[in-house]
Number of protein chains: 2
Amino acid sequence: MSNIRDVAQLAGVSVATVSRALQQPDLVSLKTRTKVLSAVKQLGYKPNLMAVRFRSGKTRNLVVLVPTVANVFFARVISGMQQAAHDKGYSLLLCNTLADEAMEQSYARMVHTSQADGLIQLRAHNPFAQLEMKTGSVLPMVNACEVLDRIACPTVLLDNRAAACAMTEHLLQLGHKRIAMIKGPARSPLTRDRVAGYRDALDAAGVAFDESLLYPGDFTLQSGHKAATELLALAKPPTAVFCENDEMAIGAIQGIKQAGLSVPGDVSVAGFDDISFAAFSDPPLTTIAQPAEEFGSTAVSLLIDLLDGRLGKAPKVILPFDLIQRASTGPAPAVSD
Amino acid sequence: MSNIRDVAQLAGVSVATVSRALQQPDLVSLKTRTKVLSAVKQLGYKPNLMAVRFRSGKTRNLVVLVPTVANVFFARVISGMQQAAHDKGYSLLLCNTLADEAMEQSYARMVHTSQADGLIQLRAHNPFAQLEMKTGSVLPMVNACEVLDRIACPTVLLDNRAAACAMTEHLLQLGHKRIAMIKGPARSPLTRDRVAGYRDALDAAGVAFDESLLYPGDFTLQSGHKAATELLALAKPPTAVFCENDEMAIGAIQGIKQAGLSVPGDVSVAGFDDISFAAFSDPPLTTIAQPAEEFGSTAVSLLIDLLDGRLGKAPKVILPFDLIQRASTGPAPAVSD
DNA sequence: CTTATAAATGTTATCGGTTACATCAATATC
DNA sequence: GATATTGATGTAACCGATAACATTTATAAG
């Protein structure tokens with residue numbers, strides 16, 4: 001691999017001149033610039049960015065903590081991040097945490113060992129408070145998709161409460177009274193917000209909240225299937241099921257069908273995220289569309305702004321949602337409670 | 001951020017001693033080692049890995065080119081890669097190419113600019129031959145999931161021909177004679193192999209190959225839907241459709257149902273990959289299971305072996321497949337042909 | 001034709017580690 | 001007790017680029 005010294009020698013100039021010819025061309029005469037560029041070409045010289053970054057102290061890498069890339073929604077978010085990062089000259093170091101806290105910590109440490117400049121986390125389980133304490137220094141971090149309670153950091157999220165409320169209203173307007181919710185893990189702020197929105201709508205409609213209709217899932221197809229099966233086994237089963245993501249909704253649809261019921265004839269099902277499979281389920285899924293790629297690109301922009309000191313006090317960017325009505329939701333069955 | 005000099009000063013030793021105390025502890029007396037470690041702790045010293053890697057010339061980063069992370073199968077492969085890379089002290093620089101060749105080249109160049117040590121590509125469109133020529137130096141590369149024709153490089157793949165043959169045989173055994181195949185883009189080696197396997201099975205069964213039953217898709221749900229719709233409009237429509245991935249198969253199922261036909265009563269549908277959604281489609285999808293995570297981890301292992309000079313002549317690792325029979329395939333309708 | 005000023009280029013310290021080599025002390029060998 | 005050997009530590013070069021500062025050359029002004 002040729003280095004800047006080789007280029008300087010071949011061009012008959014100093015290393016500083018080579019560096020300037022490449023970085024600030026207007027500081028170098030046309031003649032020397034030409035000589036330098038020709039030498040660069042002849043040697044196939046490529047600057048060693050490891051050296052550049054070491055010297056500058058900027059790695060231009062961003063760590064991304066994703067609970068699981070196997071989740072279609074997150075995949076879209078990552079895609080948006082990658083595009084934005086590339087546009088701004090950054091690279092993404094991807095970490096599929098799989099809820100392994102040691103793994104998360106290990107990747108977060110990359111910022112402190114100068115392997116990355118900052119970190120983006122989706123779905124925060126919150127553990128970075130300790131990490132920040134321990135090192136004393138602040139970890140440049142942006143949070144996307146789910147709000148972090150304990151730490152004030154730039155965030156891009158949906159108004160999950162309003163979205164869940166809107167979907168619940170949609171089901172109420174269809175005449176449903178017993179609306180179950182297949183939610184996420186209990187402690188998740190995301191789940192808390194969506195359950196709050198669900199209750200907002202119930203309260204506004206004067207429908208009593210029934211704890212037994214709240215079922216905790218884990219965002220997988222399997223858990224949606226299991227949840228629906230168990231909800232239908234209740235003494236008073238629901239006529240509508242609102243799922244916190246589309247995977248669980250698709251799992252729920254299968255569970256309902258296997259119980260010999262029809263969707264939406266007997267039970268309506270609604271999802272959240274509008275993943276590509278939502279439009280292809282049978283029946284196609286009514287869901288809340290989120291601008292997934294925009295979550296990613298916005299998170300990256302926020303983080304880079306933060307790194308460049310261009311950011312005020314931990315802004316919260318709220319992205320819009322859209323209720324997509326498809327065939328999985330319909331009028332409540334006549335004999336409904 | 002404290003550096004090694006700060007530690008040396010606080011511990012009252014030289015920087016070399018600090019470095020040795022941390023890297024080769026047995027070269028340092030117990031007494032000094034203790035002093036050094038205590039100073040490290042007191043200062044919260046973390047070695048600047050940017051400096052280490054610059055000096056060593058090893059970045060410990062691997063570029064991963066993925067056509068699209070939105071593809072569930074690739075998401076699993078990436079998950080496997082990430083796990084393996086982390087275990088071996090490497091990080092993944094993820095590039096979602098979206099079939100943008102400029103993007104691919106841009107990321108491939110990261111190896112030449114010392115931002116990464118090597119590259120893994122899934123689904124090669126082949127363009128790195130030129131890139132290698134241009135720079136003169138070899139690009140340490142591993143290919144996964146799809147074989148690269150023009151370049152001899154370590155590869156981990158399925159026996160796609162055998163797998164496609166097995167699935168086609170399964171359909172033939174069910175009595176199907178008109179078996180369509182929704183394949184990938186024409187030039188893809190992956191598609192070529194699978195089509196070859198499909199023809200192997202037809203030939204072995206003495207069934208004539210019909211060009212009109214070969215429909216090129218692009219691995220998306222939409223393209224599967226479109227393909228199925230158009231195949232059913234043929235004068236002699238197929239009674240079975242073998243799709244080159246599960247997304248297209250799920251799209252095809254919807255297209256077939258919307259045409260008023262049943263799966264598998266009128267038309268059987270088979271997929272490839274066994275993504276999580278396959279078991280949750282209606283009917284559940286018969287498909288070829290691939291060890292996706294293992295593709296990823298094996299690719300990473302191969303690349304690291306290659307980088308460490310531990311690899312012989314471009315090995316090809318063949319991973320096993322498994323035909324998963326579910327409800328989307330059934331006996332050919334009686335009046336078939 | 002000088003001198004002042006600007007433009008172009010060169011010299012060299014620097015970033016933070018690692019490591020070859022030098023040095024010095026302690027123990028072993030004869 | 002002198003020398004060889006081993007062990008522990010220090011000194012400084014080095015990786016490849018950048019940029020502060022120094023120096024030279026060209027241009028402008030008087």
Side-chain angles (χ1 to χ4, degrees), chain A residues 1-40 43-61 89 109-117 137, chain B residues 1-40 43-61 89 109-117 137:
Chain A
M1 247 347 183
S2 56
N3 61 25
I4 200 171
R5 255 161 278 270
D6 300 330
V7 176
Q9 192 169 10
L10 181 60
V13 298
S14 72
V15 291
T17 301
V18 175
S19 177
R20 278 188 292 253
L22 298 173
Q23 306 303 323
Q24 303 130 322
D26 33 335
L27 293 186
V28 173
S29 75
L30 179 61
K31 203 172 58 183
T32 29
R33 206 188 315 161
T34 313
K35 273 193 302 186
V36 169
L37 292 179
S38 132
V40 164
L43 293 171
Y45 167 73
K46 297 257 189 283
N48 181 326
L49 292 185
M50 214 64 188
V52 174
R53 289 163 182 197
F54 160 54
R55 178 127 215 291
S56 72
K58 306 279 173 199
T59 68
R60 302 233 134 205
N61 288 332
R109 244 189 304 275
M110 294 178 80
V111 176
H112 293 120
T113 53
S114 308
Q115 292 179 83
D117 299 332
S137 63
Chain B
M1 243 353 179
S2 55
N3 62 26
I4 199 171
R5 257 160 277 268
D6 301 329
V7 176
Q9 192 170 9
L10 181 61
V13 299
S14 72
V15 292
T17 301
V18 175
S19 177
R20 279 187 291 250
L22 298 173
Q23 306 304 323
Q24 302 131 323
D26 34 336
L27 292 187
V28 173
S29 74
L30 178 61
K31 202 173 58 181
T32 27
R33 206 189 313 163
T34 314
K35 272 194 300 185
V36 169
L37 292 179
S38 131
V40 163
L43 293 172
Y45 167 73
K46 297 256 189 282
N48 181 326
L49 292 184
M50 213 67 187
V52 174
R53 288 163 184 197
F54 160 55
R55 177 97 218 288
S56 72
K58 306 278 175 201
T59 68
R60 303 233 134 204
N61 287 331
R109 243 188 306 274
M110 295 178 80
V111 177
H112 293 119
T113 54
S114 308
Q115 292 180 82
D117 299 333
S137 63

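Letters A, B, ... mirror the listed sequences (proteins, then strands); counts begin at 1.
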Identify all pairs in which a protein N or O lies below 3.5 Å from an N or O of nucleotides 25-28 of chain D, and state each distance.
none

Single hit among A:V28, A:V15, A:D26 for side-chain contact (heavy atoms from CB on, under 4.5 Å) with A:R20: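 Going through A:V28, A:V15, A:D26 one by one, the side-chain contact (heavy atoms from CB on, under 4.5 Å) with A:R20 is satisfied by A:V28 alone.
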Heavy-atom side-chain proximity of A:V36 to A:Y45 below 4.5 angstrom: no
Straight-line distance of B:T17 OG1 to B:R33 CZ, nearest 0.5 Å: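 One finds 12.5 Å between OG1 of B:T17 and CZ of B:R33.
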Spacing of CG belonging to B:L27 relative to CD belonging to B:Q23, to within rounding of 0.5 Å: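 One finds 11.0 Å between CG of B:L27 and CD of B:Q23.
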Sugar-phosphate only, base, or nothing, as touched by B:V13 at under 4.0 Å among non-hydrogen atoms: sugar-phosphate
For residues 49-59 of chain A, which side-chain donor-acceptor pairs fall under 3.5 Å, sequence neighbours excluded?
{"residue": "A:R53", "atom": "NH1", "partner": "A:T59", "partner atom": "O", "Å": "3.2"}
{"residue": "A:R53", "atom": "NH1", "partner": "B:Q115", "partner atom": "OE1", "Å": "2.8"}
{"residue": "A:R53", "atom": "NH2", "partner": "B:Q115", "partner atom": "OE1", "Å": "3.1"}
{"residue": "A:S56", "atom": "OG", "partner": "A:V52", "partner atom": "O", "Å": "3.2"}
{"residue": "A:S56", "atom": "OG", "partner": "A:R53", "partner atom": "O", "Å": "3.3"}
{"residue": "A:S56", "atom": "OG", "partner": "A:K58", "partner atom": "N", "Å": "3.2"}
{"residue": "A:T59", "atom": "OG1", "partner": "A:N61", "partner atom": "N", "Å": "3.1"}
{"residue": "A:T59", "atom": "OG1", "partner": "A:D117", "partner atom": "N", "Å": "3.2"}
{"residue": "A:T59", "atom": "OG1", "partner": "A:D117", "partner atom": "OD1", "Å": "2.8"}
{"residue": "A:T59", "atom": "OG1", "partner": "A:D117", "partner atom": "OD2", "Å": "3.4"}

Let me check something: any side-chain donor-acceptor pairs from residues 1-13 of chain A under 3.5 Å, sequence neighbours excluded? List them with distances.
{"residue": "A:N3", "atom": "OD1", "partner": "A:R5", "partner atom": "N", "Å": "3.0"}
{"residue": "A:N3", "atom": "OD1", "partner": "A:D6", "partner atom": "N", "Å": "3.0"}
{"residue": "A:D6", "atom": "OD2", "partner": "A:N3", "partner atom": "N", "Å": "2.9"}

Nucleotide-resolved protein contact map, nucleotides 11-17 of chain D, B/S/- at heavy-atom distance under 4.0 Å: BB-BBBB
Residues within residues 30-38 of chain B bordering DNA chain C, heavy-atom distance below 4.0 Å: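 Within residues 30-38 of chain B, no residue comes under 4.0 Å of DNA chain C.
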Distance check needed: [N] [atom2] versus [X] [atom1], whole Å only.
X: B:L27; N: D:dT6; atom1: CG; atom2: C1'; value: 12 Å
X: B:Q24; N: C:dG17; atom1: CD; atom2: C1'; value: 13 Å
X: A:L22; N: D:dT18; atom1: CG; atom2: P; value: 8 Å

Where B:T34 and B:L30 come nearest, the two heavy atoms and their spacing: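 So the minimum-distance heavy-atom pair works out to OG1-O, 2.6 Å.
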Estimated bend of the helix from C:dC1-D:dG30 to C:dC30-D:dG1 (axis per five terminal pairs, rounded to 10 degrees): 50°
